[in-house]
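Worksheet for the structure shown next.
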Amino acid sequence: MAIEQKIISNIIDAVGSLYSTKIEADKIVIQETRREFEGQITAVTFPFTKFSRKTPEQTGAEIGEYVKDHIDEVTDFNVIKGFLNFSIADAYWTDRLLNTIINSNYGQSEPSGKRIMVEYSSPNTNKPLHLGHVRNNLLGYSVAQILSANGYEVIKANLVNDRGIHICKSMLAWQQFGNKETPETSGLKGDHLVGKYYVVFDREYKKQIAELLASGATEEEAKKNAPVIKQAQEMLLKWEANDPEVKELWARMNGWVYEGFGETYKRLGVDFKKYYYESDTYLLGKDIIDEGLASGVFFRKEDGSVWIDLTADGLDQKLVLRADGTSVYITQDLGTAQLKYDDFKMDESIYVVGNEQDYHFKVLFLILDKLGKSWAKGLFHLSYGMVDLPSGKMKSREGTVVDADDLMDEMIQTAKDRTEELGKVEGFTEEEKARLYEMIGLGALKFFLLKVEPKKRLLFDPNESIDFQGHTGPFIQYTHARIRSVLSKALYQGRLTQDYPQKLTALEKELIVDLAKYPEVIAAAAKEYSPAQIANYVFELAKLFNKFYHEESILKADDAAVRNFRLDLASATASVISKSMGLLGILVPDRM
RNA sequence: GCGCCCAUAGCUCAGCUGGAUAGAGCAACGGUUUUCUAAACCGUAGGUCUUAGGUUCGAAUCCUAAUGGGCGUACCA
């Protein structure tokens, strides 16, 4: 904020001329003035008492006087203990609204020329998406939006985990117990159908283990020798050997899953520019192993396995290639990281992955750095906490998950019930109603998940429905709808006038101050990769507007200048609300 | 064992690089609708910021330790 910079440099001058001391700009703490005091901008003056050798009050008064004399926009100041509060001229704030906030591209940075990849979602194709994936998807999408608003060219990528033993499990179970069931014959969504057989497999596996235990096997033996697990392993070998029958089944079942995921993604409102498939990438990484061996970053043990020693960095020794020459997880990830960089040459790359993989990414990035990859510095693991149920962790295998599709259905249904209860859809067509319910239901869900800092774990109680009142998505959507309603009554077409009132009310000024923060909030959210900061900002903004709306009439303002000003102010607020929510992937309605 | 993360009101969460009497929402209680949408607004009540030390003019915030919870430490992904 320009005025803040002005104040800071004037305080430096003031301290220089009053106390003959040079201070650094970053030593000066500037903050918003608390609502209960007069003023908009506050400087903390405690640190200056060292140089002034006077009380905080005297020091503040002297500096305040100096700043007031040197900056036109500063109309007044007051000192409370070590806090120097400046009042900024109303004209400054109205100019601010008129010249920047009201512009349609407000908050959007110029292209920075930097390219960044955000990899998120990364599903397994053996089961439908659940609430944990929803958090991942919303986070990834929102972070991508935020980075884009900050001027980045963003590439959204999805690395699909489409092969491996877990995929074979559903395939095997379908083969043995599926009776050729298809999405068409069963009426099930493709991913749900495949997920059903993943559960069937687990049930059968457990049954066989129990049988083996009963006939005297140890638990370890039982787990290893149960017929279905051996068959699944055989199937994986056949897959790797390109067995046509297995591959055909694999392609077919994955096709069902992709169709199902496609629907879920569409409803969630997320998308991807680039898909990577593990079936294409799982053999990558061998070149990097050779590279590392040649440069001495890796070493080979007697059995032929390849390792890296990270003990000097406080980590462990890590296997990067098995003795039989096959890859492990990190081998693939090394290769995939290189592939992604070769494809896009991006400056930075974000991996949106749960915090149970913190160690893995620490190791991955460290290895790439040791291999001398210049781009390794730009890698970042956006680690987020798990979504837990009151009963504990969600487990797809055991069917104890909150399914993404079911949850969205429920949210939309609740939105419908709630809206009908309130009788708010007069004059809506059926299509408009459906769109509104979806907007509100998903708005509630998305806001619920995004308002919490990513790294915190989240508790979701299916028995307690997600709120539609208070600190929620619908609260903000409602605020937007009310503004649009007022604007449409006034036949508002865009900025009305430059003839703004000389004197602002306290709430008007507060609103502009809040709106003026928007670009800083976007920047901070990008820096921290934290949609929660946007969510909390837009909630505060909506709350403040509601207070204003309640206390000061817009359409029936005393004179035309005030009315026009308030219409512009309301319009700017609606626009910032809409943009902020857009950064969260949440749509806002004009009526609700 | 070792490592990483978390701990703020009954519940769910804010609290920026240390700064004013620690803030919201939900739940509870009370009030506001002849006036722009009451999914709103206003008020009451509710916190020794897990504990103990330390640094500082000043600590929820930084440091150390302890306690509680989560995760990791796989030739699984």
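Note that the structure is predicted; figures quoted are calculated from it, not measured.
Listed pair A/K81 / B/U21 meets the phosphate criterion, a side-chain N or O lying under 4.0 Å from OP1 or OP2.
Spacing of C1' atoms, B/C57 relative to B/G18, comes out at 12 Å, to the nearest Å. Taking the P atoms as reference points, B/G23 lies 12 Å from B/A60, given to the whole Å. Of the P atoms belonging to B/A39 and B/C5, the separation is 44 Å, rounded to the nearest Å. Comparing the P positions of B/U12 and B/G70 gives an interatomic distance of 15 Å, to the nearest angstrom. Only the P atoms considered, B/C2 is 16 Å distant from B/A74, to the nearest whole Å. Only the P atoms considered, B/A14 is 13 Å distant from B/A9, to the nearest whole Å.
For a distance-only test at 3.5 Å, the side chain of A/T419 qualifies as a donor-acceptor partner of the base of B/A39. Between the side chain of A/T42 and the base of B/A20 there is at least one donor-acceptor pair of N/O atoms closer than 3.5 Å. Remark: the A/D303 side chain and the B/C75 base include a donor-acceptor N/O pair separated by less than 3.5 Å. Residue side chain A/N85 reaches the base of B/A20 through a donor-acceptor N/O pair under 3.5 Å, judged by distance alone.
Under the 4.0 Å criterion applied to side-chain N and carboxylate O atoms, A/R34 and A/E36 are assigned as salt-bridge partners.
Across all strands, A/K543 comes closer than 4.0 Å only to sugar-phosphate atoms, never to a base (heavy-atom distances). Across all strands shown, A/E528 has no heavy atoms under 4.0 Å from either base or sugar-phosphate atoms. Within 4.0 Å of A/M592, counting heavy atoms only, lies at least one base atom of the nucleic acid. Within 4.0 Å of A/V44, counting heavy atoms only, lies at least one base atom of the nucleic acid. Base engagement by A/P47 is indicated by at least one non-hydrogen atom pair under 4.0 Å involving a base atom. No engagement by A/N126 is indicated, since no non-hydrogen atom pair under 4.0 Å with the nucleic acid exists. Using a 4.0 Å heavy-atom cutoff across all strands shown, A/A481 reaches at least one base atom of the nucleic acid. Among the protein residues, A/E453 comes within range of the sugar-phosphate backbone only, with heavy atoms under 4.0 Å from sugar or phosphate atoms but none that close to a base. Residue contacts shown for A/E552 include a base, since a base heavy atom lies under 4.0 Å away. Across all strands shown, A/S383 has no heavy atoms under 4.0 Å from either base or sugar-phosphate atoms. Nucleic acid contact class of A/T326 (heavy atoms, under 4.0 Å, all strands): none. At a threshold of 4.0 angstrom between heavy atoms, the contacts of A/F37 include nucleobase atoms, whether or not backbone atoms are also involved.
For A/Y351 and A/Y120, the distance between ring centers is not under 6.0 angstrom. Aromatic ring centres of A/F365 and A/H381: separated by at least 6.0 Å.
To the nearest angstrom, C1' of B/G23 lies 18 Å from OH of A/Y537. Across the protein-nucleic acid pair, A/F83 atom CZ and B/G58 atom P stand 14 Å apart, rounded to whole Å.
Side-chain contact annotation: A/S383 with A/D358, donor-acceptor N/O pair under 3.5 Å present. Counting only N and O atoms by type, the side chains of A/Q413 and A/D417 include a donor and acceptor under 3.5 Å apart. When only modelled atom types and interatomic distance are considered, A/D514 and A/Y537 share no side-chain donor-acceptor pair under 3.5 Å. Between the side chains of A/Y19 and A/E62, a donor-acceptor pair is found at a separation under 3.5 Å. A donor and an acceptor atom, one from each side chain of A/S170 and A/N126, are nowhere located under 3.5 Å apart.
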All N/O pairs under 3.5 Å across the protein-nucleotides 3-10 of chain B interface:
unit_1: B/C6; atom_1: OP1; unit_2: A/K455; atom_2: NZ; d: 2.5
unit_1: B/A7; atom_1: OP1; unit_2: A/K456; atom_2: NZ; d: 2.9

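Stacking here means ring centres nearer than 5.5 Å and ring planes tilted less than 30 degrees, and by that measure A/F46 does not stack onto B/G58.
Residues A/Q533 and A/L422 each lie close to RNA chain B; by heavy-atom proximity, the contact nearer the 5' end of the strand is made by A/Q533.
Summarising the geometry of A/R563 relative to A/I554, their closest heavy-atom pair is CG-O, 3.4 Å, with the distance given to 0.1 Å.
Listed candidates were B/C36, B/A20, B/A39. Nearest to the side chain of A/I440 is B/A39. If you check B/U21, B/C36, B/C75 against the side chain of A/E36, the one that comes closest is B/U21.
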